[in-house]
Protein chains: 2
Amino acid sequence: MARPALARRKVLEAYIDLLCTDGVGSATMEATAARAGVSKGGLLYHFASKESLAQAVIDFSEEVIQEDLRLMDEAPEGAATYYVRTSATVNGEFDRQFIAVQRLAQDGNEAAIAHLGTVQQRWYEMLTKHLGDERIANMVMLIGEGLYTHCAMPGGWYQKNLEGQLGELLELIPELKKLGRDN
Amino acid sequence: MARPALARRKVLEAYIDLLCTDGVGSATMEATAARAGVSKGGLLYHFASKESLAQAVIDFSEEVIQEDLRLMDEAPEGAATYYVRTSATVNGEFDRQFIAVQRLAQDGNEAAIAHLGTVQQRWYEMLTKHLGDERIANMVMLIGEGLYTHCAMPGGWYQKNLEGQLGELLELIPELKKLGRDN
DNA sequence: GTCTATAGATAGATAGAC
DNA sequence: GTCTATCTATCTATAGAC
């Protein structure tokens with residue numbers, strides 16, 4: 001860990017980039033090498049197989065998620081609002097690797113599916129802790145998931161029609177919290 | 001239209017099935033032919049290219065969505081509850097082809113992205129009509145989108161942890177409607 | 001209308017030079 | 001540590017028999 005080779009980092013970023021923008025079908029090792037500016041052989045020195053490339057995305061995601069959970073726990077705006085807000089920031093540091101893992105999972109990668117499961121479990125526990133109601137936590141988590149799905153679609157409907165409504169959506173999140181306590 | 005060849009229908013079903021369960025990477029024409037019980041040549045008689053196979057999924061989706069919108073508009077439980085409830089029924093008639101289109105869109109298929117856009121626009125308008133508040137419609141749509149994403153993940157977290165909570169989630173949807181009118 | 005055989009392209013992965 | 005060259009498998013698509 002500590003300070004990985006620069007080329008290795010560039011290859012990983014390129015692979016994540018391709019997964020997010022073009023999907024698993026286009027994220028080949030050849031295309032990844034080209035985008036990273038290295039040859040296929042150069043890529044294979046750092047990642048011996050496509051599976052190890054996928055695992056690197058998952059490992060990177062685990063690092064990022066731990067930091068994300070810490071920020072979420074301490075967010076002044078509240079954990080739920082933080083969660084929804086960051087779910088909609090497509091180009092953020094956190095989101096790209098998360099979308100990449102999601103794409104891998106949707107393509108049947110078992111390690112990615114298992115990792116996503118632990119991430120969702122931790123988000124759910126964090127939201128329940130802060131919202132005090134499992135049903136509301138469930139709902140907020142689905143809203144975030146929906147935002148991810150929308151935002152991860154290049155040229156999709158959300159980016160053209162709902163971008164301006166994010167502020168209004170965020171204002172409603174604290175209202176949801178009240179809804180939970182009333183019942 | 002009217003009554004398409006049985007083999008053609010079987011091939012289309014097989015392709016949708018593979019897209020949903022194994023993802024775009026595994027949904028090859030060869031695998032599709034095998035699952036449909038025909039040869040590669042037999043498949044290519046009905047669908048001259050992979051693109052035309054994808055287009056057939058989109059066309060089928062358009063048929064199904066029109067019926068879905070009609071049922072949504074007339075649902076006794078309310079359009080929003082109907083929308084969320086059917087978003088969570090993975091094995092339903094409506095959902096499989098929708099998830100398949102989503103997978104195609106996430107792999108960069110332009111026709112699928114455009115179709116998804118029109119579907120989401122119509123759902124949004126229907127929800128706004130019934131909820132009377134665009135912000136709440138927005139939120140409900142994201143909840144449904146989140147449910148789709150969760151449910152479409154074979155072996156994913158939702159199917160193990162939230163299935164029993166669907167009833168509670170559905171109970172909260174009418175509460176959201178009140179939330180909209182209060183503000 | 002469905003099949004076999006096969007062409008042509010591209011994927012993932014190996015070997016070895018530098 | 002990065003490259004070129006190459007192997008093998010698999011994919012999409014075509015040609016033509018039945």
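Note on naming: letters A, B, ... go to the chains in the order of the sequence lines (proteins, then strands), and numbering restarts at 1 for each one.
For B:Glu171, there are no side-chain contact (heavy atoms from CB on, under 4.5 Å) partners at least two apart in sequence or on another chain. The side-chain contact (heavy atoms from CB on, under 4.5 Å) test applied to B:Ala137 returns B:Tyr124, B:Leu127, B:Thr128, B:Leu131, not counting sequence neighbours.
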Give the table of side-chain donor-acceptor pairs shorter than 3.5 Å for residues 71-80 of chain A, with sequence neighbours excluded, one pair per line with atom names and distance.
{"residue": "A:Asp73", "atom": "OD1", "partner": "A:Lys129", "partner atom": "NZ", "Å": "3.0"}
{"residue": "A:Asp73", "atom": "OD1", "partner": "A:His130", "partner atom": "NE2", "Å": "2.7"}
{"residue": "A:Asp73", "atom": "OD2", "partner": "A:Lys129", "partner atom": "NZ", "Å": "3.2"}
{"residue": "A:Glu74", "atom": "OE1", "partner": "A:Arg70", "partner atom": "NH1", "Å": "3.4"}
{"residue": "A:Glu77", "atom": "OE1", "partner": "A:Arg85", "partner atom": "NE", "Å": "2.9"}
{"residue": "A:Glu77", "atom": "OE2", "partner": "A:Arg85", "partner atom": "NE", "Å": "3.3"}
{"residue": "A:Glu77", "atom": "OE2", "partner": "A:Arg85", "partner atom": "NH2", "Å": "2.6"}

Less than 3.5 Å apart, which donor and acceptor atoms pair up between the side chains of residues 108-117 of chain B and the rest of the protein, not counting sequence neighbours?
{"residue": "B:Asn109", "atom": "OD1", "partner": "B:Ala111", "partner atom": "N", "Å": "3.0"}
{"residue": "B:Asn109", "atom": "OD1", "partner": "B:Ala112", "partner atom": "N", "Å": "2.9"}
{"residue": "B:His115", "atom": "NE2", "partner": "B:Ser61", "partner atom": "OG", "Å": "2.8"}

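A:Lys10 has no carboxylate O lying under 4.0 Å from a charged side-chain N of A:Glu13, or vice versa, which leaves the two without a salt bridge.
The environment of B:Glu67 atom CD is dense: over 12 non-hydrogen atoms of other residues, nucleotides or ligands sit within 6.0 angstrom.
A cation-pi contact links A:Arg9 to A:Phe60, judged by a cut-off of 6.0 Å to the six-membered ring centre and 45° from its axis.
Residues of residues 103-115 of chain B having a heavy atom closer than 4.0 Å to DNA chain D: none are found.
Taking the six-membered ring wherever Trp is involved, the centroid distance between the rings of A:Tyr82 and A:Trp123 does not fall below 6.0 Å.
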* Asked: Along nucleotides 2-18 of chain C, 5' to 3', which nucleotides get a B, which get an S, and which get a -, given that the test is a protein heavy-atom distance under 4.0 Å?
  -> BBB------SBBB----
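Rounded to whole angstrom, the span from the CZ atom of A:Phe47 across to the P atom of D:dG1 amounts to 13 Å.
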